[in-house]
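Read through the structure below, which is laid out as structure tokens, and then see the notes.
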Amino acid sequence: MTFFRHALDRLNPPPERRRWLFVPYDQLSDRIGPLEREEPGQVGIVLVESSWKAARRPYHRQKLALVLANQRHFALEQAERGVAVRYLAVDRPYREALAPLAAELGPLRMMEPAERELRSDLAPLVEEGQIQVVPHEGWLSTPEQFRAGAGESPPWRMDAFYRRVRRDSGILMEEGKPVGGRFSFDSENREPWRGEPEPPEPPRFEPDEVTREVGELIESRLGRHPGELDLESLPATREDAEALWRWARESCLEHFGPYEDAMSRRSSGLFHTRISPLLNLHRLLPRQVVEETAAAEAPLASREGFVRQVLGWREFVHHVHRETDGFRRLPDRDPEVAPQPGDGGWGRWSGQTWGAEDREGGPDGGARPSFLGSAGPLPPAFWGRPSGLACLDGVVEDVWREGWSHHITRLMVLANLATLLDVDPRELTDWFWVAYQDAYDWVVEPNVLGMGSFAVGDLMTTKPYVSGAGYIHRMSDYCGECRFDPRRDCPITRLYWAFLARHRDRLEGNPRVALQLGSLKRRGKKRRAEDRRVFERMRERLEAGKELSPSTLA
Ligand SMILES: Cc1cc2nc3c(=O)[nH]c(=O)nc-3n(C[C@H](O)[C@H](O)[C@H](O)COP(=O)(O)OP(=O)(O)OC[C@H]3O[C@@H](n4cnc5c(N)ncnc54)[C@H](O)[C@@H]3O)c2cc1C
Ligand code: SF4
């Protein structure tokens, strides 16, 4: 008997005469849904820990610890409040765990899961009436608002949707007009960070016995999973979640806007809040963070910048995922679907197989669109093998240490490089899915397939987010530590031109890349041939796990 089980048994009220809810691992809140409204003494909740789910992909250890520690603490918090808790630890899909319980306790109610994977796993129980689905109350907008704002059919644009939800919600609005006279202050929020102001240190949390036990479980039973485990950086209780949000509000928000796009080796997070893992578990509620940000004392450009991320982008990507059934339904043609979850290149990097038997028998591995036809493997550099590119190696190191990095590093270093190298967008998505603490299908797929790799064309962004060394050099301090010179011989710039040349036919006609394609035409045959040679050489060496240097590319 573990410490957690003892503690739960001690606190758990009698289970008789209760209405039972199934609470998925990412709905850990009693401030939304039936759990908010019903008397604790009359309700019971079922929570499930499934080693089958953990084994489906080589998830970062910190992510596994985050989910398990929060779910266990949530169980204890609810029992303390008088809610009866049935806590199952199983090695099967959720539907197999829940079917006998529904037979014993009567139909279970559940807020609709955010994850398509879980919806798909539980669909048979929903069809048979063993699970009754009620709306998920964690979202801040409805499908109707999405269609009214962004349009009935793609292409969809975030800005139009965002303006609509700002108007409807009244957030940062005054007499029907946006506060400050504009809906977006994005153009003011693009400063590089040059060492000042000092970025805040993220809070540390003293792990209690429950969290330590989760850590031991991961080391002993899930030790094959990659990534560092650092329990002290892990918010696990309701108080920890509030402490993280207090820190974000008091220490990050003021400078959030101007340095939103900056990157630095000296601070992995700069002024980013690191709340996405907790928002996606509903330990912090999107409504609370948006309302408190709007009312905070920070400069308007920072407050608006942050509100746009949560009320705008986060809601937008969720709707796009829902509308396209996880990109299985696209306007031109429906893409292939991977039969099983991918491992994001783990097998190729480690030389081992990620238990194929664990991946069978569950939901499929997701859609594999590739607008540009990219299908290459993800280089082992994404798993920590040095590439010689200081920007890539630095961010990858952060990711395997923290299970997190901020938005611009994801977009303009990791996804940028993978896209320039023609990596298969599905493999890249699977890598993000396993490596990041905040990744779930509804959010990682739109961000990587839709935004990071342009795998669904202009469905949700106007153009591919790719760049040469210029952008990275301007927005970061990475180049100072690199063996390449961003102005002279950085191969990422060559990759960029080679990318435009390879995909010119697909990109022609897109007004947002017309200028770049015009410059490409003027680039001259010899330089284009050299771009192509560098691309091929780079891809070959990176795929083989070899480092790059000016001499190896000469
Ligand atoms: C290639 C790529 C992959 C990504 N994968 C994920 C993912 O798996 N899970 C995830 O939650 N976010 C993902 N994002 C979005 C974004 O990078 C993270 O939400 C953010 O970096 C989280 O750190 P933070 O909490 O410090 O965010 P902050 O910069 O402090 O922003 C505040 C909040 O805004 C929300 N947000 C901002 N942008 C987005 C966005 N594009 N999509 C959804 N929410 C957003 C997040 O909830 C975030 O916590 C991805 C972005 C890219 C470019
Ligand atoms: S010089 Fe090029 S490879 Fe090196 S850090 Fe800068 S952008 Fe990255």
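Please read all numbers here as calculations on a predicted model, not as lab measurements. Counting starts at 1 for both ligands and their atoms, following the listed order. For this chain, numbers begin at 1 and follow the sequence in order.
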*Is there a side-chain contact between Thr461 and Tyr465, using heavy atoms and a 4.5 Å cut-off?*
yes
_I want to know whether Trp349 and Trp431 have ring centres closer than 6.0 Å._
no
*Go through ligand 1 atom by atom and flag the ones less than 4.0 Å from a non-hydrogen atom of Val310.*
33 (C), 34 (O)
*asked:* Under a 4.0 angstrom heavy-atom cut-off, which atoms of ligand 1 come close to Leu279?
replied: 47 (O), 49 (O)
*asked:* Suppose we measure from atom 13 (C) of ligand 1 to each protein heavy atom; which comes out shortest, and what is that distance?
replied: Arg410 NH1, 3.3 Å
_Ring-face cation contact, Phe535 with Arg502, 6.0 Å cut, 45° max_ = yes
*Any nitrogen or oxygen of Met451, main chain or side chain, under 3.5 Å from a nitrogen or oxygen of ligand 1?*
no
*asked:* Using a 3.5 Å distance criterion without hydrogens, assess whether the side chain of Asn416 forms a donor-acceptor pair with backbone atoms of Ser467.
replied: yes
_When you compare the side chains of Asp422 and His503, does any donor N or O come within less than 3.5 Å of an acceptor on the partner?_
yes
*Measuring from the heavy atoms of Trp404, does anything fall under 4.0 Å of ligand 1?*
yes
*Candidate pair Met460 and Val320, rule side-chain contact (heavy atoms from CB on, under 4.5 Å), full reasoning*: CA-CA 8 Å; Met460 57 176 274; Val320 169; 3.9 Å; yes
_For His225 and Trp354: C-alpha separation, side-chain torsions, deciding distance, then whether ring-ring contact (aromatic ring centres under 6.0 Å, His included) applies._
CA-CA 10 Å; His225 286 259; Trp354 187 263; 4.8 Å; yes
*asked:* What protein heavy atom lies closest to atom 29 (O) of ligand 1? Include the residue and the distance to one decimal.
replied: His272 ND1, 2.6 Å
_With respect to Asn280, determine whether any N or O atom, backbone or side chain, lies less than 3.5 Å from an N or O atom of ligand 1._
yes
*Specify the protein heavy atom at minimum distance from atom 39 (C) of ligand 1: its residue, its atom name, and the distance to 0.1 Å.*
Trp313 CB, 3.8 Å
*Answer yes or no: is there a donor N or O on one side and an acceptor on the other, between the side chain of Ser476 and the main chain of His473, under 3.5 Å?*
no
*Please write down residue, atom name and distance for the protein heavy atom closest to atom 21 (O) of ligand 1.*
His407 N, 3.3 Å
*Contacting atoms of ligand 2, where contact means under 4.0 angstrom from a heavy atom of Phe484*: 1 (S)
*Test the Arg506-Phe371 pair against the cation-pi criterion, namely NZ or CZ under 6.0 angstrom from the six-membered ring centroid and within 45° of the ring axis.*
yes
_If we only consider heavy atoms of Phe256, is any one of them less than 4.0 Å away from an atom in ligand 1?_
yes
*Find all atoms of ligand 1 within a distance of less than 4.0 Å from any non-hydrogen atom belonging to His406, and give their numbers and elements.*
21 (O)
*So, is Thr273 polar-close to ligand 1, with some N/O to N/O distance under 3.5 Å?*
yes
*Within less than 2.8 Å of atom 2 (Fe) of ligand 2, any N, O or S from Cys490?*
yes
_Tyr162-Ser184 side chain donor-acceptor pair, cut-off 3.5 Å_ = no
*Check: Asp438 N/O within less than 3.5 Å of ligand 1 N/O*: yes
*asked:* Suppose we measure from atom 41 (N) of ligand 1 to each protein heavy atom; which comes out shortest, and what is that distance?
replied: Asn447 OD1, 2.8 Å
*asked:* Regarding Cys482, does it place an N, O or S atom less than 2.8 Å from atom 4 (Fe) of ligand 2?
replied: yes
*Report, as yes or no, whether the 6.0 Å neighbourhood of atom CZ on Arg487 holds more than 12 heavy atoms from other residues, nucleotides or ligands.*
no
*Does Ser276, backbone or side chain, put an N or O under 3.5 Å from an N or O of ligand 1?*
yes
*How far is atom 34 (O) of ligand 1 from its nearest protein heavy atom, and which residue and atom name does that atom have?*
Gln309 CB, 3.0 Å
_Quick check on contacts: which atoms of ligand 2 are under 4.0 angstrom from a heavy atom of Cys479?_
1 (S), 5 (S), 6 (Fe), 7 (S)
*Would Glu402 and Ser268 count as having a side-chain donor-acceptor pair, cut-off 3.5 Å?*
yes
_Protein residue, atom and distance nearest to atom 26 (O) of ligand 1, heavy-atom basis_ = Arg274 N, 2.6 Å
*Glu297 CD: over 12 foreign heavy atoms closer than 6.0 Å*: no
*asked:* Centroid separation under 6.0 Å, is that true for the rings of Phe256 and Phe271?
replied: no
*Has Phe306 got any heavy atom lying under 4.0 angstrom from an atom of ligand 1?*
yes
*Check each atom of ligand 1 against the heavy atoms of Leu411 and keep those under 4.0 Å away; list them by number with element.*
53 (C)
*For Glu315 and Ser141, indicate whether the former's side chain and the latter's backbone hold a donor-acceptor pair under 3.5 Å.*
yes
_Protein contact to atom 1 (C) of ligand 1 [nearest heavy atom, distance to 0.1 Å]_ = Phe432 CZ, 3.7 Å
*Starting from atom 8 (Fe) of ligand 2, which protein heavy atom do you reach first, and at what distance in Å?*
Cys391 SG, 2.4 Å
